[in-house]
Amino acid sequence: PDLSDVEIAAEVQRAIALLGDGHSVLYPFPTDVVRFTYLPLSFYFFSDGLFVIGAGAGAPPDLVGSRVLAIGGKSTESLLDDLRPFVSRDNDQGLRWIGPRYLTVIPLLAAMGHEVSPDAVTLTVESASAGRREVVVAAGMPAHGDGLRPPASLASPPLWLSRVDSSYWHEALPGLDALYVQLNRVRDDESGPSIADYSAVLRDDLSRSELSNVVLDLRHNNGGNNHLIWPLVRALLVHEQADADHRVWVVTGRGTFSACQNLINHLERVLERPVFVGAVSSSKPNATG
């Protein structure tokens, strides 16, 4: 009875996380009763720590690229353990994928034991250009979502980051004897072809080419509509069965989740010799849906 409404909401999320299900979550949207506030930043867990990868309106833009050493005076060394009781997830990879979004919700930071106010958070950061410093970041609206994006200053981003906002696309890589296919969401593109129509184009392009390998990149794909995946599965099956040398390589990562996990499940069942590479997905084969 001594908790505020926003503190109660944080504790409800702590209880929901006990389910071990990434689809069961109290979304931290502000209401007239529960005043969620946010950091206008986006974070990403790299192998060498937590970094700022995006700054929204009102945030110091020079924070982008900085490593975060402490939030509200509390070290980030144990941050994954701090997140564990609060993050709704299918597996621990979900801590690295969705955990950074939780770090932008100021009341959840408070519930994790970070010394913050509803309107501002002090970050201890370091960068090659500015060294180590403390920066006070005022509350605002979060920056972009959960995935990794190339900085605007990068003229030629790597292929897998070059078209993150495109629903589905492909490009021939003759040097690898491969067609690179990126499926970034299991949803029909409102401004382009449906997944079924795109799969038909992909199937025709594969039949006309002499490329042996298909590299299906699912690292940005956090799901959508399970009923839309079969035309793509059939297109890949036709390619694999057309020649004994034909292979399908499936690249997964922390952003692979939900309906995209079900796509992976079906590819493993239907294809004869798929090769799965990359990082573990943030979903599990036996999950809700």
Side-chain angles (χ1 to χ4, degrees), residues 1-18 22 25-31 33-89 92-127 130-148 254 282:
D2 296 328
L3 296 179
S4 67
D5 289 322
V6 73
E7 288 172 329
I8 290 172
E11 293 307 315
V12 169
Q13 175 54 38
R14 188 201 299 262
I16 292 174
L18 293 171
V25 58
L26 185 152
Y27 289 106
F29 299 146
T31 69
V33 175
V34 183
R35 184 175 173 262
F36 281 111
T37 54
Y38 313 91
L39 283 173
L41 300 172
S42 54
F43 301 107
Y44 195 86
F45 281 110
F46 291 94
S47 60
D48 51 348
L50 180 75
F51 284 76
V52 179
I53 62 167
D62 63 347
L63 277 179
V64 175
S66 299
R67 181 181 179 184
V68 183
L69 303 177
I71 300 174
K74 186 177 183 182
S75 171
T76 56
E77 289 184 359
S78 62
L79 203 50
L80 289 173
D81 289 333
D82 295 341
L83 287 164
R84 196 175 300 277
F86 292 93
V87 175
S88 294
R89 63 194 187 278
D92 275 356
Q93 181 74 306
L95 291 174
R96 290 186 170 275
W97 173 51
I98 203 70
R101 179 184 286 187
Y102 283 61
L103 297 177
T104 67
V105 184
I106 296 177
L108 289 178
L109 289 172
M112 291 179 223
H114 298 265
E115 294 293 331
V116 298
S117 77
D119 301 314
V121 175
T122 300
L123 301 181
T124 304
V125 299
E126 68 175 2
S127 65
R132 180 172 178 145
R133 57 189 172 130
E134 288 193 349
V135 180
V136 178
V137 181
M141 292 307 296
H144 67 72
D146 316 310
L148 189 63
R254 70 182 73 173
S282 287

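Atom CZ of Arg133 has more than 12 heavy atoms from other residues, nucleotides or ligands within 6.0 Å. Counted within 6.0 Å of CD on Glu11, heavy atoms from surrounding residues, nucleotides or ligands total more than 12; the atom is thus considered enclosed. Residue Glu7 qualifies as enclosed at atom CD: its count of foreign heavy atoms under 6.0 Å is above 12.
A heavy-atom distance below 4.5 Å is found between the side chains of Val105 and Tyr38. Side-chain contact between Phe86 and Ile16 is absent, with no heavy atoms from C-beta onward closer than 4.5 Å. Using a 4.5 Å heavy-atom cutoff, the side chains of Val135 and Thr122 are not in contact. Looking at heavy atoms from C-beta onward, Leu69 lies out of side-chain contact with Ser75 at the 4.5 angstrom threshold.
For the pair Arg89 (side chain) and Gly99 (backbone), a donor-acceptor distance under 3.5 Å is absent. Between the side chain of Thr37 and the backbone N or O of Pro118 there is at least one donor-acceptor pair closer than 3.5 Å. A side-chain donor-acceptor contact under 3.5 Å links His114 to the backbone of Ile71. Here the side chain of Ser282 pairs a donor or acceptor atom with the backbone of Arg254 at under 3.5 angstrom. A donor-acceptor contact shorter than 3.5 Å links the side chain of Ser117 to the backbone of Ala120. Side-chain atoms of Ser88 do not come within 3.5 Å of backbone N or O of Gly22 as any donor-acceptor pair.
Pro107 and Phe36 make their closest contact through CG-CD2, 3.8 Å (heavy atoms, listed as atom of the first residue, atom of the second, distance). Of all non-hydrogen atoms in Thr76 and Val68, the two that sit nearest each other are OG1-O, 2.9 Å. Closest approach of Gln13 and Tyr102 over heavy atoms only: NE2-OH, 3.5 Å. Taking each heavy atom of Leu83 and Met112 in turn, the nearest pair found is CD2-CE, 3.5 Å. Here the closest non-hydrogen pair linking Gly72 and Val116 is CA-CG1, 4.4 Å. Heavy atoms only, all atoms of each residue included: Ser66 and Ser127 are closest at OG-CB, 3.8 Å.
A salt bridge is defined here as a Lys NZ or Arg NE, NH1 or NH2 lying under 4.0 Å from an Asp or Glu carboxylate O, and Asp5 with Arg35 fails to meet this definition.
Note: Leu123 CG to Leu63 CG = 6.5 Å, rounded to the nearest 0.5 Å. In this structure, Leu79 CG and Arg96 CZ are separated by 10.5 Å, a value rounded to the nearest 0.5 Å. Here the CG atom belonging to Leu103 is positioned 6.0 Å from the CG atom belonging to Leu50, to the nearest 0.5 angstrom. Here Thr124 contributes atom OG1 and Arg67 contributes atom CZ; the two are 12.5 Å apart, rounded to the nearest 0.5 Å. Expressed to the nearest 0.5 Å, how far NZ of Lys74 lies from CG of Leu109 amounts to 10.0 Å. Once rounded to the nearest 0.5 Å, the distance linking CZ of Phe43 with CG of Leu39 reads 5.5 Å.
Between Phe51 and Tyr44, a ring centre-to-centre spacing not shorter than 6.0 Å is recorded.
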